[in-house]
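A quick write-up on the structure given underneath.
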Amino acid sequence: MSNERAPGTVGRTTGDRVILGLTIATALIMTAPLIWVVALSIKDNKELMVSMNSVFHAPYTIQNYINILATSSVFRWILNSLIVSGGLTIGTLILSSLAGYGFARLNFPFRNVIFVLVLMGLAVPEQAVLIARHQLFSWLKFHNSYHGLILPGLSAPFGVFLMTQYFRAIPRELDEAALLDNASRFKIFWKVLLPLTLPAQATLGIFTFLNAWNDYFWPLISGTKKEMYTLTVGIASTQTNFAQSEGLGFLMSQAVFAGAPILILYLFFQKYVVTAVSGVAVR
């Protein structure tokens, strides 16, 4: 058997190694801040006040995390975040799927105009409607309630756009075959098309849950009572005026504590995110 390599094989191997090396270097650069935050979170605050170099050597401690759990309301805040994020995610998936199916499959007057109006919502910043929303919710007495925290997020132009594009990519022959079997429009949507959009729904669900979990602006305004704080607002309320200098370890542990559920969620559903982005159906 000849040991000679085909022309160009060495070049391709070298190129692959270079790409791999650049990928690893980029990953290390991107994860360095995360590693730094975790390292700071397990250091004593007094040691960090003396020298930041203490983060590179022992001793380490989990006292910062114990202090978070010792806060009497922290589990209530976690429950609030789960209810708000979960309710917002479920509601967004339902409404976006129905709207996406309607725009992609149904013919009705001014469909394209309405779709453009929905997409224009992407260009409207939340701050532009904040005062009007606050006055409306005050009049309706929705503040300091779960529905007051959930309802504003149900307006999701990106979700409608994503589901519309995904439904449009599904061949119409499936609809026609189901119609020949006397299936209703809702049955076609529920039994035939919706299961095929699972990757897009998983991606939209993760992004929606992520944004809702990390949202600080609207929960800070709407949930003014301590028992209605979400986790982001709650842990921020435990910081002192000198948290950035005297309680840096505690501050970083709060960031890790708030971000850990999102990381766990992504690890479980990362296959669907990659699949939806690449446009390949899940098998």
Side-chain angles (χ1 to χ4, degrees), residues 79 81-124 133 140 142 145-213 215 261-262 264-283:
L79 177 62
S81 289
L82 288 174
I83 293 175
V84 173
S85 301
L88 183 55
T89 300
I90 294 173
T92 298
L93 289 177
I94 294 174
L95 295 177
S96 296
S97 297
L98 290 171
Y101 174 77
F103 283 122
R105 286 297 202 262
L106 304 180
N107 292 318
F108 53 88
F110 307 108
R111 181 185 65 174
N112 294 333
V113 175
I114 296 175
F115 185 65
V116 171
L117 291 176
V118 171
L119 294 184
M120 288 177 63
L122 293 171
V124 179
R133 180 195 298 172
L140 295 173
F142 279 1
S145 64
Y146 290 127
H147 50 274
L149 294 172
I150 293 173
L151 286 177
L154 295 180
S155 175
F158 173 75
V160 175
F161 172 76
L162 176 65
M163 296 307 299
T164 299
Q165 297 303 110
Y166 214 89
F167 275 116
R168 285 176 177 173
I170 299 176
R172 285 185 174 270
E173 286 78 6
L174 295 177
D175 302 54
E176 297 171 356
L179 288 172
L180 291 175
D181 291 335
N182 295 323
S184 64
R185 280 289 183 182
F186 181 78
K187 189 173 183 180
I188 295 174
F189 164 75
W190 184 254
K191 295 289 187 179
V192 180
L193 300 183
L194 194 62
L196 298 178
T197 65
L198 183 60
Q201 292 184 61
T203 303
L204 178 60
I206 290 174
F207 287 139
T208 303
F209 191 92
L210 173 64
N211 290 332
W213 185 272
D215 189 18
I262 295 299
I264 296 173
L265 180 70
Y266 177 79
L267 291 177
F268 276 104
F269 291 97
Q270 61 177 324
K271 179 182 72 171
Y272 296 106
V273 176
V274 174
T275 303
V277 173
S278 63
V280 180
V282 174
R283 287 173 170 77

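Everything numeric in this text was worked out from a predicted model, so none of it was measured. Note that these values count all heavy atoms, side chains included, but never hydrogens, waters or copies made by symmetry.
- Asn211 contributes a side-chain N or O that, together with a main-chain N or O of Phe207, makes up a donor-acceptor pair within less than 3.5 Å.
- Applying the ring pair (Phe, Tyr, Trp, His ring centres under 6.0 Å) criterion to Phe161, with sequence neighbours excluded, gives no partner residue.
- Counting only heavy atoms from C-beta outward, the side chains of Leu174 and Leu196 approach each other to under 4.5 Å.
- Relative ring orientation between Tyr101 and Phe167 is described as perpendicular, the plane-to-plane angle rising above 60° on a 0-90° scale split at 30° and 60°.
- With hydrogens and angles disregarded, no donor-acceptor distance shorter than 3.5 Å links the side chain of Gln201 to the backbone of Ser97.
- Smallest separation of non-hydrogen atoms from Leu88 and Ile150: CD1-O, 3.4 Å.
- Every residue meeting the ring pair (Phe, Tyr, Trp, His ring centres under 6.0 Å) condition with Phe209, not counting sequence neighbours, appears here in chain and number order: Trp213.
- The environment of Phe110 atom CZ is sparse: at most 12 non-hydrogen atoms of other residues, nucleotides or ligands sit within 6.0 angstrom.
- Looking at heavy atoms from C-beta onward, Ser96 lies out of side-chain contact with Leu162 at the 4.5 angstrom threshold.
- Here NE2 of His147 is found 12.0 Å from CG of Leu154. Values are rounded to the nearest 0.5 Å.
- For Thr197 (side chain) and Ala200 (main-chain N/O), no donor-acceptor pair under 3.5 Å exists by modelled atom type.
- In this structure, CG on Leu198 lies 9.0 Å from OG1 on Thr203, to the nearest 0.5 angstrom.
- Screening residues 90-107 for salt bridge (charged side-chain N to carboxylate O under 4.0 Å, His left out) gives Arg105-Asp175 as the qualifying pairs, with residues at least two apart or on separate chains.
- Leu95 CG to Met163 CE: the interatomic distance, rounded to the nearest 0.5 Å, is 12.0 Å.
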